[in-house]
Amino acid sequence: MLAGPACHSGKKGSAGGSDTTPTKEDIKVGAIFDLSGPTADTGTPYSEGIRDYVDYRNAQGGVEGHKLALTGQDFGYKVTVAGQMYAQDVLQGSKVFMGWGNADTEALRPKVNADMIPFMSAALPETLADPAVTPYNFFASASYSQQLRITLRYIADQNRGKHVEVAVFYSDSPFGVSPLEDGKRYIADHKLDVGFKTYPMPATASDYLAQIGQASAQKARYIIVQNASRAAARLAGDLAGQRSTVQLVCLNLCADELFVKLAGPAAEKMIGVMPYAPPAAGGAGLDEIDNFLKARNTTAKDKGLYYVQGWYTMATMAEGIANALKANNDKADGPSIKAGLEGITDFKTGVTDPISFSSTSHAGLMSAGLYQVENGSFKKISDPIKVAK
């Protein structure tokens, strides 16, 4: 730890004198969580992972002796509220900011860049990984586009020497659309013998039988889903009702415990593309969390995938803050933390491949493991796969 300039508490001692015990200034961390909105079922455990990591890190002495002061608020997944809370936190001195979903992350991009506030969330469109476009956005995962590339490579390898048709069912929203052109480009650039058609999945639809019919006419053998768990579970039920033999593949936002719970028996054999290993599958990175949770009589497995992702997303941000403090005489601001994040190389979590950033890429991972639902639980079928664009 660097012995940089310290603040003093200014408290009075018992004899009326000044207590000169040195303390270091807190690092303020702004955050918004969806605890009451449409994504609260996943946003809540993600927020708990962030909060608990902060408590864990502070109990260990903080980041280079600085406590993390988290000011997390529920924005109910309302973009206007997100903007208000972000502005309030920045005004109050937050050095970094933890967001949540695609809507708030995309809406806050211009402010984040103008304010030079390093920003992380669970939103993974590839544009957020390009420092030329979003210099202060980072994510500790593989982008939606990279997950789609990994899926297409896996499918092509499983069907080597044979043509295979693939249908992509996607949320009719910016997040749903974001990887589609990159998927088409990957097939063309790597000359994969894969047919590729896309079908929107309206959130208001009572069923997806029409889309299933279109995919059947295409002779699709795989349906890849770029949507949230509830829509994917409805689709799985529709496929089961049609006695379909198509292989369902979920990218990360529907490859989770919620999908398994909602889909029930129809979840069986779904393949999940998962940058973060599901807690039920175990992993060295869960030991730290389980030790912390022991006093609460719970475990990482009980808390679930989004809790673990929140924990290690906050851990990655803390690593960038630590790098900034080490490099800047125990001081940190937005630009220095950005540089600190870009200096992260092979940060080990134990639940992902090592995370790295650079001055040319703000996506922490280029890989994801593949897991399949068997008897209601995720079982690993492939170590993390990494592909070039």
Side-chain angles (χ1 to χ4, degrees), residues 33-49 74-79 100-106 121-125 141 144 147-148 151 167-180 198-212 215 222-242 244 246-276 278-280 303-310 371-373 376-378:
F33 306 129
D34 184 8
L35 309 181
S36 60
T39 62
D41 43 14
T42 52
T44 298
Y46 183 84
S47 74
E48 291 172 349
D74 175 21
F75 77 116
Y77 211 60
K78 298 174 182 175
V79 172
W100 164 233
N102 288 270
D104 58 285
T105 300
E106 292 286 358
S121 72
L124 310 175
S141 188
Y144 304 132
Q147 292 175 45
L148 183 54
T151 307
V168 180
F169 286 21
Y170 64 95
S171 167
D172 195 9
S173 65
F175 119 78
V177 171
S178 71
L180 302 183
T198 61
Y199 307 95
M201 296 173 70
T204 55
S206 59
D207 62 61
Y208 297 112
L209 297 178
Q211 290 88 341
I212 291 171
Y222 294 80
I223 293 176
I224 302 170
V225 183
Q226 168 64 350
N227 209 327
S229 303
R230 292 186 182 279
R234 194 180 313 152
L235 170 62
D238 290 341
L239 288 168
Q242 295 289 303
S244 173
V246 70
Q247 175 62 61
L248 188 64
V249 183
C250 272
L251 303 190
N252 78 295
L253 278 183
C254 58
D256 57 23
E257 302 96 345
L258 181 61
F259 168 86
V260 176
K261 177 183 177 181
L262 294 173
E268 289 295 302
K269 302 304 179 184
M270 181 274 278
I271 293 175
V273 184
M274 305 175 78
Y276 282 73
K303 289 291 191 178
L305 177 64
Y306 290 103
Y307 178 93
V308 173
Q309 186 178 349
Y371 295 78
Q372 191 162 32
V373 179
S377 187
F378 284 105

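Each residue takes its place number in the sequence, starting with 1. Since this is a predicted model, take the numbers as computed values, not measurements.
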Over all heavy atoms of both residues, which pair between [X] and [Y] is shortest? Give the atoms and the distance, please.
X	Y	answer
A267	V260	CB-CA, 4.0 Å
A280	S377	CB-OG, 3.9 Å
A236	A263	CB-CB, 4.2 Å
P179	L148	O-CD2, 3.4 Å
A255	M274	O-CE, 3.3 Å
A167	Y199	CB-CE1, 3.6 Å

Could you tell me whether a side-chain N or O of [X] sits under 3.5 Å from a main-chain N or O of [Y], the two making a donor and an acceptor?
X	Y	answer
D172	P200	no
E48	G310	no
D34	T39	yes
Q226	F175	yes
Q242	I212	no
D238	Y208	yes

Side-chain touch [X]/[Y], heavy atoms, less than 4.5 angstrom:
X	Y	answer
F378	M270	yes
Q211	L235	no
E257	P279	yes
L124	Q147	yes
F169	N227	no

Just verifying a value: how many Å separate [X] [atom1] and [Y] [atom2], rounded to the nearest 0.5 Å?
X	Y	atom1	atom2	result
I271	L251	CD1	CG	12.0 Å
D74	T44	CG	OG1	7.5 Å
E268	L248	CD	CG	12.5 Å
K261	D256	NZ	CG	11.5 Å
T198	L180	OG1	CG	5.5 Å
S178	E106	OG	CD	8.5 Å

Residue among V246, V249, V168 satisfying side chain to side chain contact (heavy atoms under 4.5 Å, CB included) with I223: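 When side chain to side chain contact (heavy atoms under 4.5 Å, CB included) is applied between I223 and each of V246, V249, V168, only V246 qualifies.
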Can N102 and Y144 be said to form a side-chain hydrogen bond (donor to acceptor under 3.5 Å, both in side chains), step by step? CA-CA 11 Å; N102 288 270; Y144 304 132; 2.9 Å; yes
Checking V225 against C250 for the side-chain contact (heavy atoms from CB on, under 4.5 Å) test, could you report, in this order, the C-alpha distance in whole Å, the side-chain angles of both residues, the deciding distance, and whether it holds? CA-CA 5 Å; V225 183; C250 272; 4.2 Å; yes
Apply side-chain contact (heavy atoms from CB on, under 4.5 Å) to residues Q247 and Q372 and explain how you reach the verdict. CA-CA 11 Å; Q247 175 62 61; Q372 191 162 32; 3.8 Å; yes
Parallel, tilted or perpendicular: which describes the rings of W100 and Y46, with under 30° parallel and over 60° perpendicular?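 Ring orientation of W100 relative to Y46: tilted.
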